[in-house]
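Report on the structure given below.
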Amino acid sequence: QVQLVESGGGLVQAGGSLRLSCAASGRTFSSYVMGWFRQAPGKEREFVATISWSGTRRLYADSVKGRFTISRDNSKNTVLLQMSSLKPEDTAVYYCAASPRGWATMPNEYDYWGQGTQVTVSS
């Protein structure tokens with residue numbers, strides 16, 4: 001079982017930066033692939049980024065590649081999403097998720113989800 005608690009969402013101007021944090025409970029954090037997803041009003045939840053158990057493998061959606069960085073600190077049971085050069089189209093509710101699979105990029109491959117945190121980017 002994994003419980004995820006997110007923080008760091010807020011309002012930022014276009015071109016600015018924001019860091020999201022996801023804290024996981026329990027002592028099995030390092031066994032899970034971690035991912036970030038986002039959902040804008042009226043749209044389906046979409047993949048943003050994922051990171052492997054070891055933290056050495058990362059994958060990003062084309063829309064955020066080069067601007068977002070996912071990282072994890074297993075000693076602190078924490079996964080981060082550093083966002084820079086933010087655009088208005090990045091506005092969405094961002095969700096942290098955990099998967100017991102070896103690699104996962106689809107929402108239905110993740111078993112545990114955070115509550116979501118709002119990110120709003122003004123023009």
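One is the number of the first residue; the rest follow in order along the sequence. Everything numeric here is computed off the predicted structure, so don't read it as measured data.
Clustering ILVMFWY residues whenever any of their side-chain heavy atoms sit less than 4.5 angstrom apart, transitively, puts Val2 in a cluster other than the one holding Tyr95. Side-chain heavy atoms closer than 4.5 Å link hydrophobic residues (I, L, V, M, F, W, Y) into clusters, and following such links, possibly through other members, connects Leu86 to Ile70. With hydrophobic clusters built from ILVMFWY side chains whose heavy atoms lie under 4.5 angstrom apart, Leu81 shares a cluster with Val119.
Listed for the Thr78 side chain is a donor-acceptor partner under 3.5 Å among the backbone atoms of Lys76. The backbone N or O of Leu80 sits nowhere less than 3.5 Å from a side-chain atom of Arg19 that would complete a donor-acceptor pair. Checked by atom type and distance alone, the side chain of Ser25 pairs as donor or acceptor with a backbone atom of Gln3 at under 3.5 Å. Glu6 places a side-chain N or O within donor-acceptor distance of the main-chain N or O of Gly116, the cut-off being under 3.5 Å.
Taking the side chain as every heavy atom from C-beta outward, Tyr60 and Val48 never approach each other to under 4.5 Å.
Atom CG in Leu20 sits 9.0 Å away from atom CD in Gln82 (nearest 0.5 Å). Taking CH2 of Trp53 as the start and OH of Tyr32 as the end, the distance is 10.5 Å to the nearest 0.5 Å. To the nearest 0.5 Å, the span separating CD1 on Ile51 from OG1 on Thr56 amounts to 8.0 Å.
For residues 83-94, the side-chain hydrogen bond (donor to acceptor under 3.5 Å, both in side chains) pairs, not counting sequence neighbours, are Arg38-Asp90, Arg38-Tyr94, Arg67-Asp90. Residue pairs meeting the side-chain hydrogen bond (donor to acceptor under 3.5 Å, both in side chains) criterion with at least one partner in residues 101-115, sequence neighbours excluded, are Thr50-Tyr110.
Arg45 is linked by a side chain to side chain donor-acceptor pair (under 3.5 Å) to Gln39, counting only residues two or more places apart in sequence or in another chain. With sequence neighbours excluded, the residues that form a side chain to side chain donor-acceptor pair (under 3.5 Å) with Lys65 are Asp62. For Gln118, the side chain to side chain donor-acceptor pair (under 3.5 Å) partners two or more places apart in sequence, or in a different chain, are Thr120. Partners of Phe47 by ring-ring contact (aromatic ring centres under 6.0 Å, His included), not counting sequence neighbours, listed by chain and number: Phe37.
Taking both residues in full, the closest heavy atoms of Val79 and Cys96 are given as CG1-SG, 3.7 Å, listed atom of the first, atom of the second, then distance. Contact detail for Ser99 and Ala104: the closest heavy-atom pair is OG-CB, 3.6 Å. The heavy-atom pair separating Ala14 from Ser123 by the smallest distance is CB-CA, 4.2 Å.
For the side chain to side chain contact (heavy atoms under 4.5 Å, CB included) test with Met83, the passing option among Val64, Val12, Leu18 is Leu18; the others fail.
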